[in-house]
Structures are given as C-alpha cells and as structure tokens.
A.B. asks: 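Take this structure, written in structure tokens, and hold onto it; I'll ask about it next.
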Amino acid sequence: MTGAASSLPSTAATTEGAAETTSIASAAPTWRLLHDDALSRLEAWVAPDDEQEQLRLTYLAHLRAHPDAVSKAGPPAHLTGSVIVLDESGESALLTLHRRARQWFQFGGHFEPGDESVWHAATREAREESGIADVTALPEIVQLDRHVLVGDFGRCREHLDIRFAAVTPRSAAAAVSTESIDVRWWPVDALPEGTRAELGPLVRAAARVIRG
C-alpha cells in the first residue's frame, strides 16, 4: 500500500456515490464522533518533523472539507487507522501478509460504525488481524502516512493512515485472519523485502514513543 502522495481524488457524485452518501447519513452520529475525534487528536499532536507536520495539516484540511472522510463509503481518499506491534525488546515486529495487496504490513484498516475513537479502531484492527485478543495500542500517534493503494481495493484509492504502536510478548498466540495469508514476527533490522522504506521509519517512530 505504499506510493507517492498525490492530489486527493475528486468526489464527483455517481449513482454508487449517492447510495453511499445515504448510508453515511444513516450513521451520521457515529461518523461525526469519529470525525471529531480525528480532528481533536490531529490538532493536539505535535509532529516530530516538517514532513509529518505537512501531513498533519493535509489530514486536517481533508477532514474539514469532508465530513465523511473517516468512512470507507466517503471520498475515495479517506482516513484509516493502524498499529505496528513490537515485542518487548523492540527487536521484532509482528506483521501481516495482506491477502489483497500481497505485501507485508502492520495491522490496520477502515473505521467502523461501532468504533468509539480513532484509537479504538486501530486497536480493534490489531486484535482482529493478529488474533491476539489483548493487544492494545498506546494512545499517542506515532506516524502519519498517506499512500495510494495498489491492488484490488474497489473504489478506495488513497488512505490517510493514522498510525499507533503496541507492545506484546513474542509468546502471544497470533492467528491468521480472513484478510491475511500469514502473520509472522520479523526482526526489525531484517524486515521483508519491499517494505523497508515504509516500515523502517514506522518501527523507529514507534520505538521513540514506546521509550517515551
């Protein structure tokens, strides 16, 4: 799911889009809650560098322009949440081989109507995709990443991902979900080929937050 940032796609109305807008309207209170939570967290977050600050401002502008930006049924470019899971030593990362993208990623995905916050959504995704029932994201955002999707993702074209970190022992029993082909621990200094440019900075950002 890596890719260079591009201009946000047009959200011109279509028949499909009209149906999705109706769906969003029916769940409006939930999406407003998540939308407001995302705004609040991003407004309060102190970005660690200029690149992350520019992304923070981009996310905020997108949220203000699109009340449904936290919904998969909203604009083709929408917010998502994810978690990079490290072991207690910080030397290994638990990753999933995504079934659609056929690439190794941290755990994450779209927000759902039952999610109470961006953080809750990221934690839910980590639990569902890792099979570890008690893995819990730390509350602080560790990184923002905006990427164009590569693969069979339907109308989704771009994810504006809000990333968290979690720590779990290597002894935790992980399981493969229906969205994955495999779930496996990887040494952080030997991440899968093709992922290091994206996951390396994420692992380092997570380690800084975990160390406090």
A.B. asks: Please say whether more than 12 non-hydrogen atoms of neighbouring residues, nucleotides or ligands are located less than 6.0 Å from CG in Asp49.
C.D. replies: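 Count over threshold, so yes.
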A.B. asks: What closest approach, in Å, do Pro201 and Glu198 show between heavy atoms, and which atom pair accounts for it?
C.D. replies: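 So the two residues come closest at CD-O, 3.4 Å.
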A.B. asks: Going by atom types alone, do Gln106 and Ser82 pair a side-chain donor with an acceptor below 3.5 Å?
C.D. replies: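 Side chains of Gln106 and Ser82: pair found under 3.5 Å.
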A.B. asks: Do the side chain of Ser130 and the main chain of Ala126 share a donor and acceptor less than 3.5 angstrom apart?
C.D. replies: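 Side chain of Ser130 to backbone of Ala126: a pair is present.
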A.B. asks: Output the distance between atom CG (Leu97) and atom CG (Asp182), rounded to the nearest 0.5 Å.
C.D. replies: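 Here the interatomic distance stands at 6.0 Å.
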A.B. asks: In the structure I gave you, are the side-chain heavy atoms of Asp37 and Trp119 within less than 4.5 Å of one another anywhere?
C.D. replies: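 Side chain of Asp37 against side chain of Trp119, heavy atoms only: no contact under 4.5 Å found.
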A.B. asks: Quick one: OG on Ser177 to CD on Glu125, what's the gap to the nearest 0.5 Å?
C.D. replies: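 Going from the OG atom of Ser177 to the CD atom of Glu125 covers 9.0 Å.
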A.B. asks: Could you check whether atom CD of Glu51 has more than 12 heavy atoms from other residues, nucleotides or ligands sitting under 6.0 Å from it?
C.D. replies: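 Counting other residues, nucleotides and ligands, CD of Glu51 stays at 12 neighbours or fewer.
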A.B. asks: Quick one, Leu33 and Asp115 - any side-chain contact, counting heavy atoms below 4.5 Å?
C.D. replies: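 Side chain of Leu33 against side chain of Asp115, heavy atoms only: no contact under 4.5 Å found.
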A.B. asks: Under a 3.5 Å distance rule, please check whether Asp145 uses its side chain to pair with a backbone N or O of Asp161 as donor and acceptor.
C.D. replies: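 Here the side-chain-to-backbone pair does not exist.
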A.B. asks: Give a yes or no on whether Ile162 and Trp31 share a hydrophobic cluster (residues Ile, Leu, Val, Met, Phe, Trp, Tyr; joining criterion: side-chain heavy atoms under 4.5 Å apart).
C.D. replies: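 Yes, Ile162 and Trp31 fall within the same hydrophobic cluster.
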A.B. asks: Is any side-chain heavy atom of Phe164 closer than 4.5 Å to one of Thr136?
C.D. replies: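 The answer is no; the side chains never approach within 4.5 Å.
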A.B. asks: Between the side chain of Thr123 and the main-chain N/O of Ala137, is any donor-acceptor distance below 3.5 Å?
C.D. replies: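 Indeed, once roles are kept as given, a pair shorter than 3.5 Å links the two residues.
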A.B. asks: If we only count heavy atoms from C-beta on, is the Val183 to Glu129 side-chain gap below 4.5 Å?
C.D. replies: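 No; the side chains remain at least 4.5 Å from each other.
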A.B. asks: Donor-acceptor pair, distance only, cut-off 3.5 Å: does the side chain of Arg146 make one with the backbone of Leu160?
C.D. replies: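 Absent.
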A.B. asks: Might you work through the side chain to side chain contact (heavy atoms under 4.5 Å, CB included) test for Ile141 and Arg41, ending with a clear yes or no?
C.D. replies: CA-CA 8 Å; Ile141 294 171; Arg41 288 175 187 271; 4.2 Å; yes
A.B. asks: Could you check if a side-chain atom of Trp186 sits within less than 4.5 angstrom of a side-chain atom of Thr195, using non-hydrogen atoms only?
C.D. replies: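 Contact flag for Trp186/Thr195 side chains = no.
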A.B. asks: Identify the heavy atoms of Phe111 and Ala121 that sit nearest to each other, and give their distance.
C.D. replies: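 Reported closest heavy-atom pair: CD2-CB, 3.3 Å.
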A.B. asks: For Ala173 and Ile132, which heavy atoms make the closest approach, and how far apart are they?
C.D. replies: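 Shortest heavy-atom separation between Ala173 and Ile132 comes out as O-CG1, 3.7 Å.
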A.B. asks: How close do Ala38 and Val70 get, heavy atom to heavy atom, and via which atoms?
C.D. replies: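 What the structure gives for the nearest pair is CB-CG1, 4.4 Å.
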A.B. asks: Output yes when a side-chain donor or acceptor of Asp87 lies under 3.5 Å from a complementary backbone atom of Ser92, and no otherwise.
C.D. replies: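 Checking the backbone N and O of Ser92 against the side chain of Asp87, a donor-acceptor pair under 3.5 Å is found.
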A.B. asks: Would a distance-only check, ignoring hydrogens and angles, find a side-chain to backbone donor-acceptor pair under 3.5 Å from Thr80 to His78?
C.D. replies: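 No.
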A.B. asks: Are Val83 and Trp104 grouped together when hydrophobic residues (ILVMFWY) are joined by side-chain heavy atoms under 4.5 angstrom apart?
C.D. replies: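 Different clusters.
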A.B. asks: May I ask you to test the Trp45-Leu144 pair for a side-chain heavy-atom distance under 4.5 Å?
C.D. replies: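 Trp45 reaches Leu144 side chain to side chain.
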A.B. asks: Please lay out, stage by stage, how Leu191 and Leu95 fare under the test side chain to side chain contact (heavy atoms under 4.5 Å, CB included).
C.D. replies: CA-CA 9 Å; Leu191 294 166; Leu95 303 177; 4.2 Å; yes
A.B. asks: Using 0.5 Å steps for rounding, measure from the OG1 atom of Thr58 to the NE2 atom of His62.
C.D. replies: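 Rounded to the nearest 0.5 Å, the OG1-NE2 separation comes out at 10.0 Å.
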A.B. asks: Just by modelled atom types, is the Asp36 backbone N or O under 3.5 Å from a matching donor or acceptor in the Ser40 side chain?
C.D. replies: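 A pair under 3.5 Å: no.
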A.B. asks: Are Leu138 and Val85 in one and the same hydrophobic cluster, where Ile, Leu, Val, Met, Phe, Trp and Tyr link if side-chain heavy atoms are under 4.5 Å apart?
C.D. replies: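 No.
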A.B. asks: Look up atom NE2 in His98 and atom CD1 in Ile181, then write down how far apart they are to the nearest 0.5 Å.
C.D. replies: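 With rounding to 0.5 Å, NE2 (His98) is 9.5 Å from CD1 (Ile181).
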A.B. asks: Using side chain to side chain contact (heavy atoms under 4.5 Å, CB included), reason through Val188 and Leu199 one step at a time and then give a plain yes or no.
C.D. replies: CA-CA 9 Å; Val188 297; Leu199 293 182; over 6 Å; no
A.B. asks: With side-chain hydrogen bond (donor to acceptor under 3.5 Å, both in side chains) as the test, would you mind laying out the steps for His159 and His110 before giving the verdict?
C.D. replies: CA-CA 9 Å; His159 283 169; His110 294 102; 3.2 Å; yes
A.B. asks: Taking Ser71 for its side chain and Asp68 for its backbone only, find out whether a donor-acceptor pair lies under 3.5 Å.
C.D. replies: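 Judged by distance alone, no pair lies under 3.5 Å.
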A.B. asks: Count I, L, V, M, F, W, Y as connected when their side-chain heavy atoms are under 4.5 Å apart, and connections chain through other members. Are Val118 and Val135 then in the same cluster?
C.D. replies: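 Yes, because Val118 and Val135 connect within a single hydrophobic cluster, where side-chain heavy atoms sit under 4.5 Å apart.
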A.B. asks: Between Arg56 and Leu42, is there a donor-acceptor pair closer than 3.5 Å when you use the side chain of the first and the backbone of the second?
C.D. replies: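 Yes, the answer is positive, given that a donor and an acceptor are paired below the 3.5 Å cut-off.
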A.B. asks: Taking a hydrophobic cluster as the set of Ile, Leu, Val, Met, Phe, Trp and Tyr residues connected by side-chain heavy atoms closer than 4.5 Å, whether directly or through intermediates, do Leu79 and Leu60 fall within one such cluster?
C.D. replies: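 Shared cluster, yes.
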A.B. asks: Indicate yes or no for a side-chain donor-acceptor contact from Gln143 to the backbone of Ala206 under 3.5 Å, with no hydrogens or angles considered.
C.D. replies: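 It does not hold such a pair.
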